[in-house]
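Inspection log for the structure reproduced underneath, given as structure tokens.
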Amino acid sequence: MTPEEAVAEQERLRPLVVPRADPGLVVRRVAGLDVSYADDDRLVAAVVVLDAATLETVDEVVVAGRADFPYVPGLFAFRELPSLMTALGELAAPPDLLVCDGQGLAHPRRFGLACHVGVLTDLPSVGVAKTPMGRFTPPGSARGEHSDLVDGGEVVGRALRTREGVKPVFVSVGHRVDLDRACAEVLRLCVTRLPETTRRADSLGRAHLR
DNA sequence: GCGACAG
DNA sequence: ATCTTGTCGC
């Protein structure tokens, strides 16, 4: 797949994104997705499912793969998607929400990793990035405070303070959720700056790299 | 033309 | 992404 084809694929799938939640959406099981890289082209995709109420781990999957697509800003998903999809397919049961390590609608073509994974699985998804793709004014320093993440004149996500006085994370809608709900779910998962889903998937992946 | 650019 | 434990500071 060439970068040109990747862009065309994003534009083809972009209209399928549903930026709102089903009326009765209940999130009981939340999955965290993350990919770790070795020195060569090997990588490990990890998915950890947590009970949203207790934050207890209820399922884990690790998949080894290869980075066959280069890291290109805006096309980041094409690097991690193959292995992540394989891992998701090995879960005992589909989760109610996917928490991705990267952007959702906060993307140059409004189709970041979280949107892509959401559309391919048709599961609700949110993107939680550690650095912004857009501009924002720093939110208040208390946990839960937030401000708009703006790109190209539109609000594409939110800078969310998940912990008192710590750098915010950047939340954007992936698929089948709205921004308010996305932020509420992310905040609920945060004990430290990053969601527990992301932290556990990250450590699981790293452990398997050795 | 120059800079910016998720992980 | 990755290099990386203890340590300084509020």
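Throughout, protein chains are lettered first and strands after them, A, B, ... in sequence-line order, and every chain is numbered starting at 1.
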Quick one: [X] [atom1] to [N] [atom2], roughly how many Å, whole number?
X        : N     : atom1 : atom2 : value
A/Asp202 : C/dT4 : CG    : C1'   : 14 Å
A/Arg42  : C/dT2 : CZ    : C1'   : 14 Å
A/Glu80  : C/dA1 : CD    : P     : 9 Å
A/Leu84  : B/dG7 : CG    : C1'   : 11 Å
A/Asp41  : C/dT2 : CG    : P     : 15 Å
A/Asp39  : C/dT4 : CG    : P     : 10 Å
A/Leu81  : C/dA1 : CG    : C1'   : 17 Å

* Parallel under 30°, tilted from 30 to 60°, perpendicular over 60°: which one fits the rings of A/Phe76 and A/Tyr71? ->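 A/Phe76 and A/Tyr71: perpendicular rings.
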* Asked: According to the interplanar angle, ranging from 0 to 90°, do the rings of A/Phe69 and A/Phe78 count as parallel (below 30°), tilted (30 to 60°) or perpendicular (above 60°)?
  ->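 Taking A/Phe78 first and then A/Phe69, their aromatic rings sit tilted (interplane angle of 30° to 60°).
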* Asked: So, A/His175 versus A/Asp122: side-chain donor-acceptor pair below 3.5 Å or not?
  ->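 Looking only at side-chain atoms, A/Asp122 and A/His175 do form a donor-acceptor pair, the distance falling under 3.5 Å.
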* If you measure only the distance, is there a donor-acceptor pair under 3.5 Å linking the side chains of A/Arg163 and A/Thr192? ->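 No, because no side-chain N or O of A/Arg163 sits under 3.5 Å from a partner of the opposite role on A/Thr192.
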* Secondary structure of DNA chain B in dot-bracket form (Watson-Crick or G-U wobble, distances below 3.5 Å, | marking inter-strand pairs) -> .......
* Asked: When all nucleic acid strands are considered with a 4.0 Å heavy-atom cut-off, which category describes A/Arg206: base, sugar-phosphate, or nothing?
  -> sugar-phosphate
Could I get the full list of side-chain contact (heavy atoms from CB on, under 4.5 Å) partners for [X], not counting sequence neighbours?
X        : result
A/Ala31  : A/Leu33, A/Val47, A/Val49, A/Pro95, A/Leu98
A/Val61  : A/Val63, A/Ala87, A/Glu90, A/Leu91
A/Ser203 : none

If you measure from the Lys or Arg side-chain nitrogens to the Asp or Glu carboxylate oxygens, is any gap between [X] and [Y] under 4.0 Å?
X        : Y        : value
A/Arg14  : A/Glu11  : no
A/Arg158 : A/Asp180 : yes
A/Asp148 : A/Arg135 : no

* Using Watson-Crick or G-U wobble pairs with both distances under 3.5 Å, give me DNA chain C in dot-bracket, 5' to 3', with [ ] for crossers and | for pairs to another strand. => ..........
Could you go through nucleotides 2-6 of chain B and list every protein N or O atom that sits under 3.5 Å from one of its N or O atoms, giving the distance for each pair?
| residue | atom | partner | partner atom | Å |
| --- | --- | --- | --- | --- |
| B/dA6 | OP2 | A/Tyr71 | OH | 2.4 |
| B/dA6 | O4' | A/Gln103 | NE2 | 3.3 |
| B/dA6 | O3' | A/Thr131 | OG1 | 3.4 |
| B/dA6 | N7 | A/Gly74 | N | 3.1 |
| B/dA6 | N6 | A/Gly74 | O | 3.2 |
| B/dA6 | N6 | A/Phe76 | N | 3.3 |
| B/dA6 | N6 | A/His107 | NE2 | 3.3 |
| B/dA6 | N1 | A/Leu113 | N | 3.1 |
| B/dA6 | N3 | A/Gln103 | N | 3.0 |

* To do: Identify which one of A/Arg206, A/Arg199, A/Arg200 satisfies the side chain to side chain donor-acceptor pair (under 3.5 Å) criterion when paired with A/Asp202.
  =>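 Answer after filtering A/Arg206, A/Arg199, A/Arg200: A/Arg206.
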